[in-house]
Every structure is written in C-alpha cells, then in structure tokens.
**Q** 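Okay, handing you the structure first.
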Amino acid sequence: MDNGTTSVRRRQLARHTVWNLIGLCAPMLIALVAIPLLIRGLGNERFGLLSLIWMVVGYFSIFDLGLGRALTRTVAEKLEHAPAEVPAAFWTAMMMMLGLGAAAGALVYAASPWLVEDVLTIDPPLQPESLRSFRSVALALPLLVTVTGLIGALEACRKFPLINLIRMPMGAYTFAGPLLVLPFRQDLLAVVWVLLAGRIVEWLLYFAACLRYVPGVRSAWAFDRQGAPRLLSFGGWMTVSNIVQPLMVHIDRFLIGAIRAVSDVAFYATSAEIVVKLLIFPRAWVSVLFPAFAAEYRSDPAGTGGLMAQSVRLLLALMFPATLILVAFAPEGLALWLGPEYGLRSAPVMRWLAAGILLHSLAFVPASFLQGIGRPDLTAKLHAVELPIYLALAGLLIHGFGIEGAAATWLLRAAAEFGATAWLAGARARGCGREFCRIGAAAALCLAALALVTVPDSLWMKLAVVFLLLLGFSACFWFLVFTESDRRVIQKRLPFRPGPKPDRPEAGPADRSLLK
C-alpha cells in the first residue's frame with residue numbers, strides 16, 4: 001500500500017470517530033426532552049408499547065445474519081484489491097438481506113396476535129390498536145433490515161461524515177417525530193406510522209448515498225453465487241456474537257430478579273444504565289477501525305497490528321479518567337440524583353461495573369481486529385464459551401453476595417474477555433504480543449487506582465486523591481506506556497507542547513500512528 005495513502009487514512013480515523021460520537025450522542029439529547037413529553041401524551045401503557053416496538057425493531061435487525069458487517073469487510077477489502085468486484089458484493093448482500101428481512105417481517109406479522117393477546121398484558125380496548133401497530137412494523141422490516149447493509153457499504157467507503165449527517169436528524173426524529181402527532185391524535189398506530197415514515201426516508205437517503213459513493217453499484221448489477229456462501233459464513237459467525245454479547249450484558253438483571261428479588265433489579269439497573277453509556281466512545285471508534293483493519297491487513301499486517309495496539313493504548317488513556325471520576329463520586333452522585341438509598345445500595349454496584357466497562361471497552365478493539373481480518377469465528381466461539389461460565393458464576397455470586405455479586409461477575413467476565421481477545425489478536429498481529437503485555441500491566445495499575453479511590457470517605461479527601469491519581473496516571477502513561485509516535489500524536493493536539501521526553505525503544509509495528 002502506498003505510504004501517502006496510509007498517512008491520509010490514519011489522519012482520517014480520529015475525525016471519523018468524532019463524527020460517530022456526534023451522530024450517536026445528538027439523538028440522546030433529544031430523547032432526554034422528548035421521552036417525558038411522550039409519556040405524558042401517550043400515557044404509560046401506550047408508551048410502554050412504543051418502547052417494545054422500538055426494541056422489536058432493534059432486535060430484529062439481527063435478521064440480517066451479520067451481513068451488514070460482512071458487507072463492510074468485503075467492500076473495504078475489494079476496494080483495495082479488486083474494485084471491479086464491489087458491485088456484485090453489494091447487490092448480493094442486499095438481495096440476501098432483503099429476503100431475510102421479508103422472513104423476519106412474516107414471522108413478526110404471524111406472531112403479532114399471540115404477542116398482543118397472550119404474551120403481553122394489554123388492556124382489551126388497546127389490543128386492536130396494538131395489533132395493527134405490530135403488523136405495520138412487520139411490513140416495514142425488509143427495509144429496516146437492509147439499512148444495516150447500506151450503512152455498512154458506506155462505512156467501507158469511509159463516508160462517516162455523510163452517515164452521521166443522515167443519522168443525526170433521523171435519530172432525533174425517532175423521538176421528536178411522535179411529538180408531532182400528539183396534538184392531533186394520541187393513539188399508538190399513528191405514532192408508529194410517523195416513525196416508519198421516517199425510517200423509509202432514512203432508507204432512501206442511505207440508498208441514494210450508496211448509489212453515489214459506492215463504486216459501480218449504479219451501473220452494474222450482479223448476484224455473486226460463489227460469494228454468497230462466504231458472506232453468509234462471515235455473517236453467521238457475527239450473528240453468534242451479536243446474539244450472545246447483548247444477552248450477557250442484560251441477563252444479569254433477570255438473574256437478580258429470579259435469585260434475589262425484583263426490587264433489587266432497580267438498584268442494579270440504575271447503575272448499569274449509567275455506566276454502559278461509557279461504551280459510546282469505544283463503539284464509535286471501532287466502527288471506524290473495522291474497515292481499516294479489513295482493507296489494510298492483507299497488504300500490511302504489521303502496520304495493521306500496530307494500529308490495533310496503538311488504538312488500545314489510546315482508548316485506555318481516554319477511558320480511565322472518566323471511569324476514575326465515576327467510581328470516586330458514585331455515592332454522592334447517586335444520592336443527589338435519586339436519593340440516599342440509591343447512594344448507599346447502588347454505588348458499590350456502579351463501582352464494580354465501571355471497572356468492568358473499562359476492561360470491556362478495551363476488548364472492543366482486538367475483537368474488531370479479529371473480525372476485520374476475516375476471523376469472526378474466533379470471537380463467536382469465545383462468546384459461546386463465555387456464556388455458560390458467566391451464567392454459572394453469576395448465579396453463584398448473586399446467591400451469595402446479591403447485586404454486588406452480579407457486578408463483580410461482570411468485572412471478572414470483562415477481564416477474561418479482554419485477556420482472551422488480546423491473546424487471539426496478538427497471535428495474528430506480528431510484534432503485538434509484548435505490547436499487549438504492557439497494556440495489560442497498565443490496565444492492572446488502573447484497576448488498583450480505582451480500588452484506591454474508594455477508600456476515602458471525605459469529599460475533599462476524594463478530590464485530593466483523584467487529582468493525585470490523575471497526575472500519576474498522566475506521567476506513567478506519558479513516559480512508560482505511550483510510544484514516541486503516540487506522544488507525537490497527542491502533542492499535535494495539545495494547546496501547549498510538553499518539553500523533550502527521554503527516548504524509549506519503539507515497540508516494532510505498534511509505533512504506527514493513528515494520525516500519522
């Protein structure tokens with residue numbers, strides 16, 4: 001690969017990550033305002049049904065069987081090595097996703113009476129309205145499923161600004177659109193129709209963008225029978241991870257309700273919902289890294305491994321300060337927001353979970369690397385092995401220690417997942433094994449700092465300890481963890497330039513800069 005092209009792409013990564021962060025965060029701000037208004041306008045029961053419909057739309061996106069991610073990898077790789085094959089890959093994946101979406105829609109349409117009448121407890125006057133709403137969603141599922149493929153193709157072409165320029169208004173419309181209906185009608189079906197109209201507009205915008213920016217798709221149409229099994233194989237392994245990972249993230253709440261008491265779920269879920277928001281940044285980052293891994297590994301495996309290791313180092317440096325502050329002031333923050341009882345009972349849970357999220361976020365990068373280089377089977381098998389062990393350990397610790405046991409299990413699972421994915425990725429990225437050992441040592445020191453900050457009781461003492469730990473953390477990372485190229489990247493973006501730093505032997509391919 002041409003060095004000039006590589007340098008340009010490295011400079012694009014941070015900019016694209018910022019675009020992803022804006023695209024993910026902006027709709028959340030609208031949601032904070034819109035959700036209370038929707039609850040008041042629709043009532044608790046209709047809003048609860050709307051939430052279930054949102055969940056159905058999101059969950060049934062797995063019916064793409066991972067083809068959206070498979071398309072990202074395939075198009076990114078072919079753009080580098082066989083551009084003429086891009087149209088066939090695009091249309092093959094889109095046709096298969098359309099068929100899978102139609103199957104998902106037929107399933108939801110047929111199951112809607114059972115859901116409305118037998119599974120969900122819905123007042124009889126609302127049942128006809130609810131049934132029509134679920135069936136309306138079922139009819140739109142073919143388009144909803146194929147959106148993931150359209151976004152995947154645009155990600156492969158590195159069109160992240162365009163993706164997020166569409167994502168931001170359409171994400172905001174998901175929450176603000178229903179508010180337009182409330183002055184005229186307060187029924188769920190009208191709200192669903194407005195939401196689906198927005199999704200259709202979103203699909204048209206992404207489709208038009210693909211016709212414009214994905215090379216060859218406007219002029220060439222083909223179904224690649226030989227490539228279809230490869231797409232399905234990759235997507236099938238991705239589907240295993242897409243099903244198992246969210247299950248491990250959320251099933252602890254059901255276990256708490258079954259083993260302890262449903263009332264304990266509130267104290268656990270409150271902390272979990274806050275802490276999981278820390279994952280917005282690593283998710284935004286890896287969606288940018290994934291097509292880079294897919295495109296560059298074949299021609300530059302050492303450089304791609306260096307990009308992975310550098311990404312983990314910088315991610316740890318960015319995630320730790322936020323995690324430290326969250327752990328330090330969890331009791332005070334929860335007590336101020338929700339009352340003293342939450343400050344007492346939920347704060348220990350938040351501290352365990354925050355430490356787990358720190359390690360879990362680091363695992364995103366090596367897992368994305370493995371999937372990007374065409375080995376999603378490794379992450380899928382790892383998640384399949386994790387699940388029964390996690391369930392058994394969670395049941396044991398919840399029974400013995402309650403909600404704190406559930407949170408501690410989450411931390412242990414995150415540590416094991418990061419260690420396993422780092423080992424698997426390091427074995428396939430030349431020269432990164434030593435780098436991951438050093439990163440692991442740095443992560444262990446970060447966990448020790450998180451434990452230390454929980455000791456002081458006084459607010460002023462906590463502030464002093466947090467300040468000292470952040471100073472020590474900054475010095476340790478600058479001198480001992482970062483490579484010279486890391487320091488150059490950071491110095492270029494600081495408002496001041498630190499003085500000369502002692503040289504440290506570089507770590508082989510890991511000194512490939514993210515923003516070289």
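Side-chain atoms are counted along with the backbone in the values below, which use heavy atoms only and exclude waters and symmetry mates.
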**Q** What pairs with Phe281 under ring pair (Phe, Tyr, Trp, His ring centres under 6.0 Å), at least two apart in sequence or on another chain?
**A**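 By the ring pair (Phe, Tyr, Trp, His ring centres under 6.0 Å) rule, Phe281 matches Trp285.
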**Q** Going through the checks in order, is the side chain to side chain contact (heavy atoms under 4.5 Å, CB included) test met by Leu278 and Leu326?
**A** CA-CA 10 Å; Leu278 291 174; Leu326 193 63; 3.9 Å; yes
**Q** Go through the structure and list residues passing side-chain hydrogen bond (donor to acceptor under 3.5 Å, both in side chains) with Gln371, not counting sequence neighbours.
**A**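 Once residues adjacent in sequence are excluded, the partners of Gln371 under the side-chain hydrogen bond (donor to acceptor under 3.5 Å, both in side chains) criterion are Thr379.
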**Q** Do NZ/NE/NH1/NH2 and the carboxylate oxygens of Arg313 and Glu435 come within less than 4.0 Å?
**A**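 Yes, this pair counts.
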**Q** Enumerate donor-acceptor pairs with a distance under 3.5 Å from any side-chain N or O in residues 21-29 to protein atoms, sequence neighbours excluded.
**A**
none

**Q** If you look only at distance, which donor and acceptor atoms sit under 3.5 Å apart when one is on a side chain in residues 85-112 and the other is two or more places apart or in another chain?
**A**
| residue | atom | partner | partner atom | Å |
| --- | --- | --- | --- | --- |
| Glu85 | OE1 | Lys78 | NZ | 2.6 |
| Trp91 | NE1 | Val217 | O | 3.1 |
| Trp91 | NE1 | Ala220 | O | 3.0 |
| Thr92 | OG1 | Ala88 | O | 2.6 |
| Thr92 | OG1 | Asp224 | N | 2.7 |
| Ser112 | OG | Val108 | O | 2.6 |

**Q** Just to verify, what does Asp377 make a side chain to side chain contact (heavy atoms under 4.5 Å, CB included) with, not counting sequence neighbours?
**A**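 Here the qualifying residues are Trp237, Arg375, Lys381.
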**Q** Which donor-acceptor pairs under 3.5 Å do the side chains of residues 420-429 make with protein atoms, sequence neighbours left out?
**A**
| residue | atom | partner | partner atom | Å |
| --- | --- | --- | --- | --- |
| Thr421 | OG1 | Glu417 | O | 2.8 |
| Thr421 | OG1 | Phe418 | O | 3.2 |
| Arg428 | NH1 | Leu424 | O | 2.9 |

**Q** What closest approach, in Å, do Leu196 and Ser136 show between heavy atoms, and which atom pair accounts for it?
**A**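 Closest approach of Leu196 to Ser136: CD1-O, 3.4 Å.
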**Q** Hey, could you give me the OG/CH2 distance between Ser133 and Trp193, rounded to the nearest 0.5 Å?
**A** 8.5 Å
**Q** Return the set of residues passing ring pair (Phe, Tyr, Trp, His ring centres under 6.0 Å) with Tyr268 (not counting sequence neighbours), or none when no residue passes.
**A** none
**Q** Tell me which donor-acceptor pairs under 3.5 Å the side chains of residues 204-211 have, and how far apart each pair is, sequence neighbours excluded?
**A**
| residue | atom | partner | partner atom | Å |
| --- | --- | --- | --- | --- |
| Tyr206 | OH | Ile163 | O | 3.3 |

**Q** For the pair Phe134 and Val192, evaluate side chain to side chain contact (heavy atoms under 4.5 Å, CB included) and give the outcome as yes or no after the intermediate values.
**A** CA-CA 9 Å; Phe134 276 101; Val192 168; over 6 Å; no
**Q** So, using side-chain hydrogen bond (donor to acceptor under 3.5 Å, both in side chains) as the criterion, who are the partners of Thr409 when residues are at least two apart?
**A** none
**Q** Using the test salt bridge (Lys or Arg N to Asp or Glu O under 4.0 Å), find all partners of Glu77 that sit at least two apart in sequence or belong to another chain.
**A** Arg73, Arg298
**Q** For Arg132, give me all partners under side-chain hydrogen bond (donor to acceptor under 3.5 Å, both in side chains), at least two apart in sequence or on another chain.
**A**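 Listed in chain order: nothing, the list is empty.
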**Q** Nearest 0.5 angstrom please: Leu150 CG to Glu155 CD, how far?
**A**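 One gets 11.5 Å once the value is rounded to the nearest 0.5 Å.
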**Q** Could you pull out all donor-acceptor pairs under 3.5 Å where a side-chain atom in residues 359-368 meets a protein atom, sequence neighbours excluded?
**A**
| residue | atom | partner | partner atom | Å |
| --- | --- | --- | --- | --- |
| Ser361 | OG | Ile357 | O | 3.3 |
| Ser361 | OG | Leu358 | O | 2.7 |

